[in-house]
*Asks:* 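The following block contains the structure, expressed as structure tokens.
Note that these values count all heavy atoms, side chains included, but never hydrogens, waters or copies made by symmetry.
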Amino acid sequence: MDPKRMRKLGELLDSSESTPLSPFPDEVLEAVLSLVKSHKDRSSVSLVCKDWYNAERYTRSHVFIGNCYSVSPDIVGWRFPRIRSVTLKGKPRFSDFNLVPENWGADVHHWLVVFSRVYPFLEELRLKRMTVTDESLELLANSFPNFKALSLLSCDGFSTNGLAAIASHCKNLTELDIQENGMEDKGGGWLSCFPEDFKSLEVLNFASLHSNRLLLRAPQLTELGTGNFQQELTMHQFADLQFAFSKCKNLQSLSGLWEALFLYLPAIYPACGSLTFLNLSCATLESDELAMLLSYCPNLRRLWVLDTVKDKGLEGVGSTCPLLEELRVFPEDPQDLDINHGVTESGLISVSRGCRKLIYVLYFCRKMTNAAVATVVQNCPDFTHFRLCIMNPGQPDYLTNEPFDEAFGAVVKTCSKLQRLSVSGLLTDLTFEYIGKYAKNLEILSVAFAGSSDWGMECVLGGCPKLRKLEIRDCPFGNVALLSGLEKYESMRSLWMSACNVTLNGCKLLATKMPRLNVEKGCSSFCSHIVKMNICWFHIRHRKPLKDVGFGCDSNN
Amino acid sequence: MESSVLYEGDLNLKATELRLGLPGTAEPEKQNPVTGRTNKRSSPGDDHKGSKGDSDAKNCDCQNPPAAKAQVVGWPPVRSFRKNSFLPKKTEAETGMFVKVSMDGAPYLRKIDLKIYKGYSELLKALENMFKLTIGVYSEREGYKGSEYAPTYEDKDGDWMLVGDVPWDMFITSCKRLRIMKGSEAKGLTCGA
């Protein structure tokens, strides 16, 4: 549903009373609307008229807040009284890479305090890039008796003590998904805080010790992410492990770190038949080890690996995983400068040849060519997510020494469904001309060490009709480019610019032209501009210390 | 050398260090996001146990920039939390956080995980519970005077040291195994001159 059309329709009619548009009793309207699941559709529905706005309010059970500063928890609680599930995202994505100062914010505690009051029946909470303390986890564990699912991704501030509280008090837990967080391991046996007989648990993703005991207790597991297996498993322990895995007939997703994975592979084979997602991004596997494991996983749709498997390992992927839809290859050692380590263009080509259903790729490499990328997208034209990271900033095509303009040109021209793109390597403004012109469905664009002038960014802001998030670092884009996007920013969720040519005056000018901007200051050289529903973050290099600058708006947290 | 590197960490030279990055941002450890795989497999085929000394140094010496070029903050874009989320402490499996504990006169050895203790007092309490004995209180001058038992450990150099002499962090990375000495041998152990 096009929200603009909906709104116009609503405006045509007098929206203050019940209208010809909604001649049904509220109960009918609510019954129908409760079937609408997509939050985008629900936003559109709420814009039609007052009756629909209210009906939508009362029937919404899941709220998605893409930016925790865009709205206060009290307003959420007031507007949506029947929420059972909340997704909250906090810091900008580049905080994952230490580009955001510590203690920037995005603390979930206040949200939980409000929710404990307004949503006593809350069942699910999914947090991404939020600060979560043990105190908050204890509050969570004690406030919601029906609580079922907790997911923490890339969060920080908590320790295993907080998880112990969850394990101890959440009797109805079906899902515990704790991944890639800045979690402090205080040891102790938080896992043993789970009840002896834990039939309800279906999803368990975490990184901690000794998961085999838990496996035995939770046979319904469909997702399991484990941590470190102790080096020296005795025969008895190995048999236990094998038995535990053999019980997991429903396992669809498996992830974890296995230091001596090769030795323990046979223990997990019994569980691999149903696997659709295998996350080996923490296991330093070689190509033959990977090949052996993959031979037991005929149903694999998503695979995450380390580049230790090399091109040869990826050839194996191409030949044994015809159903593969998603591949992520992470660098074992991102700081390693040797370009002969890790994977190259040839690995990616092999995968694209064998896995024609591939729609998602995240690929860290040290060598790439324009021709290879063009071949890859010809083989797999349905990419929705294409994230290529050539790890040496500004590196050209190693065969022709040219920029990668044509590579990414091929991507946007061929992959009409592309939603997310990350570019890298040596790139001129031409890349961005292509992107602006051809990437009609692009929503998220990440750019680093690229472009030649303001024109590049202007092309993107002037094209890409569906752009929601734009992240730029270390590019020669300045105030002219920044200010060219005023109209665009209205429909975007966030803009990040750091180490570019944007100056403080440019930001001030932006603030005056967009009066709903609120400014929040981090440290003296880091300004966050927060617009209702949007955030623009700027990291500006200052030569002088910044005095307290007020942009004339509230700075609310 | 590992121990001198460790010692640098104890002296907290971080405070005076020059580095790239945002003012007021994270510790150097975070700014050099080693993915946490301890780099022990940089040459495939190496026995990883053999290179654990290497990983030790890397784990402790977080201020060590690569030889060739200055690092770019936050690049490549690999989540810095990845290393935290799957390795509780990087040294755990490789450098013997699990150490054998023997007690003079006991028929078999035990094994404990040093990592789970926050300091000496917790460790000693655990040992006391495990072996049903009293070790008493450590003093720098007199060791465990008054106790029939003295907890000792073998360090990386092969020397037998009295538990408690060195800072805890240094202890747990250098301790290879523990031995609870009993009787006159124990009484003879004091610290320092």
*Asks:* With a 4.5 angstrom heavy-atom cut-off, which part of A:Phe94 approaches chain B: side chain, backbone, both or neither?
*Replies:* neither
*Asks:* For B:Pro76, which of A:Pro393, A:Ser424, A:Pro334 qualifies under side chain to side chain contact (heavy atoms under 4.5 Å, CB included)?
*Replies:* A:Pro334
*Asks:* Name the region of A:Arg129, side chain, backbone, both or neither, that has any atom closer than 4.5 Å to a heavy atom of chain B.
*Replies:* side chain
*Asks:* Sort A:Leu152 into side chain, backbone, both or neither according to what part of it lies under 4.5 angstrom from a heavy atom of chain B.
*Replies:* neither
*Asks:* With the side chain counted from C-beta on, respond yes when B:Val78 and A:Met391 share a heavy-atom pair under 4.5 Å apart, and no when they do not.
*Replies:* no
*Asks:* Just by modelled atom types, is the A:Phe97 backbone N or O under 3.5 Å from a matching donor or acceptor in the B:Trp75 side chain?
*Replies:* no
